[in-house]
Amino acid sequence: MELPKTYTPQDYESDIYALWEKSGAFEPKGKGNSFSVVVPPPNANASIHIGTALTLALQDIAIRYHRLRGDKALFLPGADHAGFETQAVFEKRLAKEGKSRFDFTREELYQQIWDFVAENRANFEKQFRQLGASVDWSHFTFTLDDKIVKRAYQTFKKMWDEGLIYRGERLVNFCTFHGTAFADIEVEYQEEQGKLWYINYPLTDGSGAITIATTRPETMLGDTAVAVHPDDTRYENFIGKTVKLPLTNREIPVLADDFVDVKFGTGAVKITPAHDPNDFEVARRHDLPFIQIINHEGRITGEAPEEFRNLTVGQAREAVLRALKEAGNIDKEKYISHSVGHCYKCGTVIEPLIMNQWFVDMQPLAKPAIKALKEGKIKFYPKAKCDQLIAYLENLRDWNISRQIAWGIPIPAFQNVDQQDDWIFDERVTEEIIEVNGKTYRRDPDVFDTWFSSSSWPYATLDYPDSDDFKQFYPLSLMETGGEILYPWVSRMLMLGLYITGEIPFKEVYIHGYVMAEDGSKMSKSKGNVVSAPEIIEKYGADALRLGIIAGRAPAVNRGYDKRKVEDGRNFCNKLWNIARYIESQTKSEQKGKTDPISSADHWLLAKLATAGQGITKDLDSYRFSEAYDKLYHFVWDELADWYIEASKTSSNPGLLASVLEATLTLTHPFAPFVTETIWQTFPEDNNDDNSLLATSKWPKIAKADQNKAAEFEAIKAIVSECRDIIASIGANKPTLYYTESDLLANNAKLITKLAGLAAVSQVRDGEGLRLTQTIENCWLDVDANAYKKQLEAKLAEQDSIIEKLEARLSNPSYVKNAPHAVVEQTKQQLEEAKAQQAKLAAEHDRFNH
RNA sequence: GGGUGAUUAGCUCAGUUGGCUAGAGCACCUCGUUUACACCGAGGGGGUCAUAGGUUCGAGUCCUAUAUCACCCACCA
């Protein structure tokens, strides 16, 4: 097949992926060890962004590498219903149509979102294919699939039975815009400029007033106490007294509690149990009443005085301040910087509200997880992430798993209509009302937090507990994911994995950094700096995107998208393409079997290939993706293309060329699957069908090279490089290289002539011209030596400083005494070489002084 | 307030357990179309490795401070 001059990925990629799929190349078939990765399921509704491309690229490299190694590799794809996320997107769409979620029942809403997600799912799967992700589609799992829902129910039941689940009236983080509660971890805190108001609360006995400081004056309507620190002498006499709460006619106590920070504000704190987490705890300790003055819509309730009712929180703040000012209760106000929780989706300020919700008691789950981490059962890349995770788990609070949205897995719990605290577990969630033992129960209208069900992902997708998949592939070999879900997802998978299966869910965790925008800032739609993965693929090809995005990227380090790296990637693919084009043109007539190295270049190349292959293998075994790519790049470009292929134009070994090409393509395949497979498919049909796909071929075993012959080529390279250097620096035109006695030059005259761009290499009786100094051969380049004087002087100076440093090191007795023998020997050798070098340079330089 | 990471060439970044005369790609300069490739080839310039101390025969690499930036955590009323 005649290949065009330039590789055009658009013409091949989709066909190649179809070929892989049709051939079942991605089914776990290897006979070796199991190697399993599940894709952290992206939102089924969203278009693939560049961060997903990075994740898939890294995982796919690992999977393809292990597949080529002969491992039984499972790459399991999935998609996430992403409960709240997706509902929020859907609500935006409803809003555009002038509708809202309140126009529908939960069931109607659920059905509509289901259809909405189904529409977008095709798009999502297409993008997986575009990126070349070698996933086994037969294992595709959606987070609302029956088996995932069932697993969530069984987990909930087990926790229920074992007392880890409780229903409690607690303060939860509530978004009044979206009408749902969140887990602590979902709240986004921002540092904001606010005001701190100092308000006088007069003592009931008329003996004065106590001044409290607050950033939320409107919540005073729900105050049920004032707290001071027990050791705070300023307030000693106030403890036990009562104050008259302004704007209301309630009397509330002044009490002492350790939590108060004497240095903050006035050292006296208003206690609003229903709207502040701290105050909630204080109230529980002191048995204070809870007065809810803000409702789920973010408006003031009937518990407040008439004039404030139904105002929004913002309006109420102004009204309260105005009323307090009129009454003369405001002492002063000042600006303060404090952090405020927001809904991560809409930015609405999170209201802490008291609600009845399902909570998971986390301590019993966290402890075994901490133990496993401390025992090093899971290897982390980078290591520091393990310690971070331990710190997180050690401070974990109970997890609110109820969400007041439609799009999610219904919580399988029913409440006795006649007895509020009688809850039962039942999976008949399609029923609203059920009868059990003659009693009537109503279903909890809430759904699970998405993370509750997805925390079972590693074993639920593998059909825990009895399937072959589970037995073969659990625990997963690798969990590769972004740092942003280390806490919400990785930590919970670990806890639930240990809780349900008794085993860690994965053996290794690799955390990648974010792909930032080109300017290094975070990508966001509103800033308009989002980099589109499909556009990059369209322009440069999927391989270029994969290479560009992994190049030079260390684990867990955020880095901006860099177009230049993608261009490098494209150029690299094109280089490979042309290497293949050249080699295929040289191997038209079949040279089967004759792959033995003959020339020194052959041996040299095999040695280099072996070094590169070993290095790449080692790097990939420890997920050093970028380092592996770097080694590959330089082997292909510098050694294979620039030296070996150029040398092969003088004396070609077609059989070896062909086999080197195969090995190179295999080494490259995990990184750039499309171009390598495309080239592979241009090879003449093999009778052996097993080898018809590169994707399922074998990681290369490299033939042994003769080190002496390889060294001979190094000597040739040194001569060629020096000739090129001299020619370039003095602008000579095709000089001749003379030698007196040299087998090396005699045997490789043609090669050196060609590589160095000489007129000829020829033997003479006496050398003339400029003597080469970088080789032990006696040879002279036929150029005006005087023109090279300056360069020689510069080189001499360089040698002098090298020698000086080496001598200083060797004359240091403690160095010779303490450094390892090999290092000292190496230094000695370096010094010898440097001296020899200097002698040659000096001799050559001396000739100009006559 | 606590924690983690970063700080290396004009730009984006590598640099594994301390042995480096500190690397890559891009950009820049000079030369070049030799029948794989201009998405190319040959050659070149460019860095007191943030700062200050310390450990060591030896530090970009380890330790301690400091500065700047980024992110994460926390019950700053």
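So that the names make sense, note that chain A is the first sequence line, chain B the second, and so on, each numbered from 1. What you see is a predicted model; the values in this text were computed from it and never measured.
Partner of A:T773 under the side-chain hydrogen bond (donor to acceptor under 3.5 Å, both in side chains) criterion, chosen from A:K795, A:Q838, A:E722, A:Q799: A:E722. Between A:K270 and the options A:I199, A:V243, A:I210, A:T214, a side chain to side chain contact (heavy atoms under 4.5 Å, CB included) holds for only A:T214.
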Test log, rule ring pair (Phe, Tyr, Trp, His ring centres under 6.0 Å), inputs A:F625 and A:Y510: CA-CA 11 Å; A:F625 299 103; A:Y510 184 98; 5.3 Å; yes
Residue pair A:Q774, A:S721: steps toward the side-chain hydrogen bond (donor to acceptor under 3.5 Å, both in side chains) verdict: CA-CA 9 Å; A:Q774 309 293 305; A:S721 289; over 6 Å; no
Verdict with supporting geometry, A:R581 and A:N578, side-chain hydrogen bond (donor to acceptor under 3.5 Å, both in side chains): CA-CA 5 Å; A:R581 235 159 55 91; A:N578 277 289; 2.9 Å; yes
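Within the 4.0 angstrom heavy-atom criterion, no nucleotide atom of any strand lies near A:Y7. Nucleic acid contact class of A:K575 (heavy atoms, under 4.0 Å, all strands): base. A:R724 comes within contact range of the sugar-phosphate backbone alone, with a heavy-atom separation under 4.0 Å but no base atom that close. Heavy atoms of A:V816 sit nowhere under 4.0 angstrom from any nucleic acid atom. A:E191 comes within contact range of at least one nucleobase, with a heavy-atom separation under 4.0 Å. Base engagement by A:I645 is indicated by at least one non-hydrogen atom pair under 4.0 Å involving a base atom. Note on A:W637: only backbone sugar-phosphate atoms sit closer than 4.0 angstrom, heavy atoms only; bases stay farther off. When heavy atoms are screened at a 4.0 angstrom cut-off, A:T214 is found touching the sugar-phosphate backbone but no base atom. Using a 4.0 Å heavy-atom criterion, one finds that A:A641 contacts the bases of the nucleic acid, with or without backbone contacts as well.
B:G45 and B:U30 have their C1' atoms separated by 10 Å, given to the nearest Å. Comparing B:C20 with B:C26, their P atoms sit 26 Å apart, to the nearest whole Å. When the P atom is used for both B:U17 and B:A24, the distance is 22 Å, rounded to whole Å. Separation of the C1' atoms belonging to B:A38 and B:U33 is 9 Å when rounded to the nearest angstrom. Rounded to the nearest Å, the gap between the P atom of B:C28 and that of B:G2 is 47 Å. Between B:U16 and B:C73, the distance separating the two C1' atoms is 30 Å to the nearest Å. Nucleotides B:C29 and B:G53 place their P atoms 40 Å apart, quoted to the nearest Å. Between B:G23 and B:C63, the two C1' atoms lie 26 Å apart (nearest whole Å).
Here the C1' atom of nucleotide B:C39 and the OH atom of A:Y633 are 10 Å apart, to the nearest Å. Remark: P of B:C39 and CD1 of A:I536 are 20 Å apart, rounded to the nearest angstrom. The distance from atom CG of A:D387 to atom P of B:C73 is 17 Å, rounded to the nearest whole Å. With rounding to whole Å, A:L486 atom CG is found 10 Å from B:C73 atom P. Between the C1' atom of B:A36 and the NZ atom of A:K754 lies a distance of 12 Å, rounded to the nearest Å. Look at NZ on A:K270: it is 11 Å from P on B:A77, rounded to the nearest Å. In this structure, the CG atom of A:D638 is 9 Å from the P atom of B:G41, given to the nearest Å. Straight-line distance from the NZ atom of A:K263 to the P atom of B:C76: 15 Å, rounded to whole Å.
Across every strand in view, B:G1 sits in a pair with B:C73 that passes the Watson-Crick or G-U test at under 3.5 angstrom. Pair check for B:A36 finds none; no Watson-Crick or G-U wobble contact set falls under 3.5 Å. Of the nucleotides present, B:C26 is the one that pairs with B:G10 by Watson-Crick or G-U wobble criteria, both distances under 3.5 Å. B:A59 makes up no base pair with any nucleotide shown, lacking Watson-Crick or G-U wobble contacts both under 3.5 Å. Under the Watson-Crick and G-U wobble criteria, each requiring two contacts below 3.5 Å, nucleotide B:U64 is paired to B:A52.
Toward the 5′ end of RNA chain B lies the nearest nucleotide of A:M516, the other residue of the pair A:M516 and A:T266 mapping further downstream. Nearest-nucleotide mapping onto RNA chain B: of A:F259 and A:Y487, the residue sitting toward the 5' end is A:Y487.
In this model, the phosphate group of B:U21 is not approached by any side-chain N or O of A:K805 to a distance below 4.0 Å at OP1 or OP2. One finds a side-chain N or O of A:H338 lying less than 4.0 angstrom from the OP1 or OP2 phosphate oxygen of B:A77. For A:N578, no side-chain nitrogen or oxygen approaches OP1 or OP2 of B:C40 to under 4.0 Å.
In summary, the side chains of A:E825 and A:Q829 do not present any donor paired with an acceptor at a separation below 3.5 Å, with no hydrogens or angles considered. A donor atom on one side chain and an acceptor atom on the other are not found under 3.5 Å apart for A:S648 and A:Q586. Judged by distance alone, the side chains of A:Q193 and A:Y335 never bring a donor and an acceptor atom under 3.5 Å apart.
Classification of the A:W577-A:Y7 ring pair by plane angle, with boundaries at 30° and 60°, yields tilted.
The side chain of A:D568 has B:G25 as its nearest neighbour among B:G25, B:A38, B:G5. Set against B:C26, B:C37, B:G41, the side chain of A:R564 has B:C26 as its closest nucleotide.
Geometrically, A:K649 engages A:Y582 in a cation-pi contact defined by less than 6.0 Å to the ring centre and at most 45° from the axis.
Residue A:M362 comes nearest to A:D398 through the heavy atom pair N-OD1, 3.2 Å, listed as atom of the first residue, atom of the second, then distance.
For A:K649 against B:A36, a side-chain N or O and a base N or O form a donor-acceptor pair under 3.5 Å.
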Sugar-phosphate or base contact per nucleotide [nucleotides 13-20 of chain B; S, B, -; heavy atom under 4.0 Å]: SSSB--B-
